[in-house]
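Comments concern the structure below.
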Amino acid sequence: MTAFTVALVLVVAAAGLLRWRRPAWYWLTFGVVLAALRVAFRYASVMDACGLTVPPSRWRLALARVANRPVSESRAPRILRLRPTRTGLVLRLKLRPGQDAFDVSAATDRLRHSFGMYGVTSRELRSGVVELRMTGYDVLQRVHMPAKVDRAPMRIPVALREDGAIHYRDYRTVPHGLTLGATESGKSVYQRNLVAGLAAQDVALVGIDCKQGVELFPLARRFSALADSPDTALELLEALVSHMEDVYQLIRAQQRISVNVPDAEIAADIWDLPADMRPVPVVVLVDEVAELALFATKDEEKRRDRIITALVRLAQLGRSSGIYLEICGQRFGSELGKGITMLRAQLTGRTAHRVNDEASANMAFGDIAPDAVLAAIQIPTETPGIAVTGDSSGGWARIRAPHTSLRQAVNICNRHADRTPDLPALAAFRPAVAPLPSARVPLSKTAPATA
């Protein structure tokens, strides 16, 4: 009995230590079993307390009266599947007649407390079926991306969501994006993850970094074009507009629209072209958009108008030609001048890190997801990297990108430097970089020969 007591104390101590120091390990060893048992034993009472039950149907009441049996109790949604994950539990429910997915969504906070989970989110899979994703610990405290991710062309994993799912940046679904964040909010780390994920794909990277290139120029080996000043940025953007027009001419030449051509062979964008004729897609990263919109003289105002006009044209017409925009900044509002709100309307994907005021959060989500504004201004200062992401569908989620140092991003870009395509239209803006040093090491150390 003494040995059993000692073993039990050791197990409890180990569980407590893991929960304190390694919550992910605690969840995989102890937490998932305890949480599944809590859900199984408390499910009926919790659903009744949260108002997620319905009274028995009339035919059940009639059957109980005929059989002289007790009236059946209120019924909770039926559990279709309970699946453990590396971060929590996934509970799939079949709603009863008269219930709505909004009822479950409104009760997620009460379900979190009742089941003893860290977080609970819900989403409707189809009519009458709701999925609850429950996390057992704070997955955003230490972000560890899973080893197995779903990779696809122009679709890269960049962050982890608060429900444990992977947040992907899919350029073919959401062509253009806007990233806002104050200084030291984690915006640069998010951008490095984007570049690191795109570096391994067949894509041309174009950068505009008006902070004298301190953010993007260390990654120059993987960029097809770079600009470090507003004057160079204007020339680069106008060259991109010319490249876009050339791609449209190629698509038009390959459409071959006639009564005898099947619909599947009609090309409307670069992805409908044959692989051997398809132009390489281009992702344009603007590090600080305010530097392109500010002006102090008449000449700078004219340059600014041409820059914004080019950006708006690329945002409106660039998707079909394979040009995608990724614009970053601290603020992005009408105070930057005319054309800014028109540009913002074309940026479907929105990501906001910690901001200094509510107006900045409204710039990102006020027109697409008002509920996300409050979440964006509540991001604490001591957790850089946490952000709120949303799109035009109105949905939003809290995410956090894994920390990627500048040295790590440089190594990834150098490793994939051979994938950097040469675009004739952007050849004048190709960064001049020295060749990589040879990795060969001499087998013996000898003194240099002397004359």
Side-chain angles (χ1 to χ4, degrees), residues 27 32 35-36 38-40 42-43 46-47 50-54 76-140 143 145-146 148-150 152 155 157-170 172-174 177 348-352 364-365 368-376 378 386-401:
W27 173 257
V32 63
R38 280 198 304 268
V39 171
R42 299 180 184 177
Y43 178 76
V46 166
M47 289 295 168
C50 293
L52 297 177
T53 57
V54 296
R78 183 161 55 93
I79 298 178
L80 297 180
R81 185 172 66 177
L82 177 62
R83 177 171 59 90
T85 66
R86 58 186 292 272
T87 59
L89 296 174
V90 176
L91 190 64
R92 187 168 294 183
L93 305 178
K94 175 65 175 177
L95 300 181
R96 301 292 183 179
Q99 290 183 323
D100 186 74
F102 178 77
D103 299 333
V104 182
S105 177
T108 52
D109 198 52
R110 287 177 287 175
L111 294 175
R112 176 175 68 90
H113 289 290
S114 301
F115 290 139
M117 306 297 289
Y118 183 82
V120 176
T121 59
S122 71
R123 66 188 183 102
E124 184 179 2
L125 298 182
R126 59 181 183 272
S127 179
V129 178
V130 174
E131 183 179 82
L132 291 177
R133 296 188 68 93
M134 300 182 283
T135 52
Y137 59 96
D138 187 3
V139 298
L140 300 184
V143 178
M145 299 292 285
K148 185 179 180 180
V149 295
D150 183 16
R155 184 173 185 261
V158 293
L160 200 64
R161 291 176 176 254
E162 62 180 343
D163 59 359
I166 302 175
H167 175 65
Y168 292 92
R169 181 67 177 93
D170 192 343
R172 296 189 62 179
T173 303
V174 182
T348 307
R350 309 286 178 86
T351 302
F365 302 114
I368 61 170
D371 294 340
V373 175
L374 183 61
Q378 290 179 341
I386 290 184
V388 177
T389 183
D391 53 37
S392 58
S393 65
W396 61 274
R398 294 172 74 245
I399 64 171
R400 192 176 193 181

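In terms of modelled atom types and a separation under 3.5 Å, the side chain of Thr135 and the main chain of Gly119 share a donor-acceptor contact. In this structure, the side chain of Thr173 does not engage the main chain of Asp170 through any donor-acceptor pair within 3.5 Å. A donor-acceptor pair under 3.5 Å is formed between the side chain of Arg38 and the backbone N or O of Phe115. In terms of modelled atom types and a separation under 3.5 Å, the side chain of Arg350 and the main chain of Ala364 share a donor-acceptor contact. Judged by distance alone, the side chain of Arg96 and the main-chain N or O of Ala76 form a donor-acceptor pair under 3.5 Å.
Heavy-atom minimum distance, Thr87 versus Gly164: OG1-CA, 3.5 Å. Nearest heavy-atom pair, Leu52 versus Gln99, reported as atom, atom and distance to 0.1 Å: O-NE2, 2.7 Å. Of all heavy-atom pairs between Phe365 and Val388, the closest is CZ-O, 3.1 Å. Nearest heavy-atom pair across Ala352 and Ala376 is CB-CB, 4.4 Å. Nearest heavy atom pair, residue Ser114 against residue Arg42, reads O-NH1, 2.6 Å. Residues Ala165 and Leu160 approach most closely at O-CD1, 3.5 Å, considering heavy atoms.
Looking at Arg92 and Ile79, their side chains never come closer than 4.5 Å, going by heavy atoms from C-beta outward. A 4.5 Å side-chain heavy-atom check between Leu95 and Asp100 finds every atom pair outside the cut-off. Arg398 is listed as a side-chain neighbour of Leu140, based on a closest heavy-atom distance under 4.5 Å. Side-chain contact check for Tyr43 versus Pro77: some heavy-atom pair is nearer than 4.5 Å. Looking at heavy atoms from C-beta onward, Cys50 lies in side-chain contact with Leu111 at the 4.5 angstrom threshold. Side-chain contact between Met47 and Leu93: present, with at least one pair of heavy atoms (C-beta onward) separated by less than 4.5 Å. A heavy-atom distance below 4.5 Å is found between the side chains of Pro146 and Ile166.
Within the structure, salt bridge (Lys or Arg N to Asp or Glu O under 4.0 Å) pairs that include any residue of residues 119-129 comprise Arg123-Glu131 (at least two apart or interchain).
Listed by chain and number, the residues in a side-chain hydrogen bond (donor to acceptor under 3.5 Å, both in side chains) with Tyr137 amount to none (sequence neighbours excluded). Arg112 meets the side-chain hydrogen bond (donor to acceptor under 3.5 Å, both in side chains) test with Asp109; sequence neighbours excluded. Applying the side-chain hydrogen bond (donor to acceptor under 3.5 Å, both in side chains) test to Thr53 and every residue at least two apart in sequence or in another chain returns Asp48. Applying the side-chain contact (heavy atoms from CB on, under 4.5 Å) test to Val32 and every residue at least two apart in sequence or in another chain returns Trp27, Pro84, Leu89. Take Arg161 and apply the side-chain hydrogen bond (donor to acceptor under 3.5 Å, both in side chains) test, not counting sequence neighbours, and it matches His167.
The distance from the CG atom of Asp138 to the CZ atom of Arg400 is 8.5 Å, given to the nearest 0.5 Å.
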For Thr121 and Leu132: C-alpha separation, side-chain torsions, deciding distance, then whether side chain to side chain contact (heavy atoms under 4.5 Å, CB included) applies. CA-CA 6 Å; Thr121 59; Leu132 291 177; over 6 Å; no

Take Arg169 and Val174 through the test side chain to side chain contact (heavy atoms under 4.5 Å, CB included) and record every step on the way to the result. CA-CA 8 Å; Arg169 181 67 177 93; Val174 182; 3.8 Å; yes

Full working for side chain to side chain contact (heavy atoms under 4.5 Å, CB included) between Leu91 and Met134: CA-CA 8 Å; Leu91 190 64; Met134 300 182 283; 4.1 Å; yes

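For the pair Arg155 and Tyr168, the cation-pi criterion (under 6.0 Å, within 45° of the ring axis) is fulfilled.
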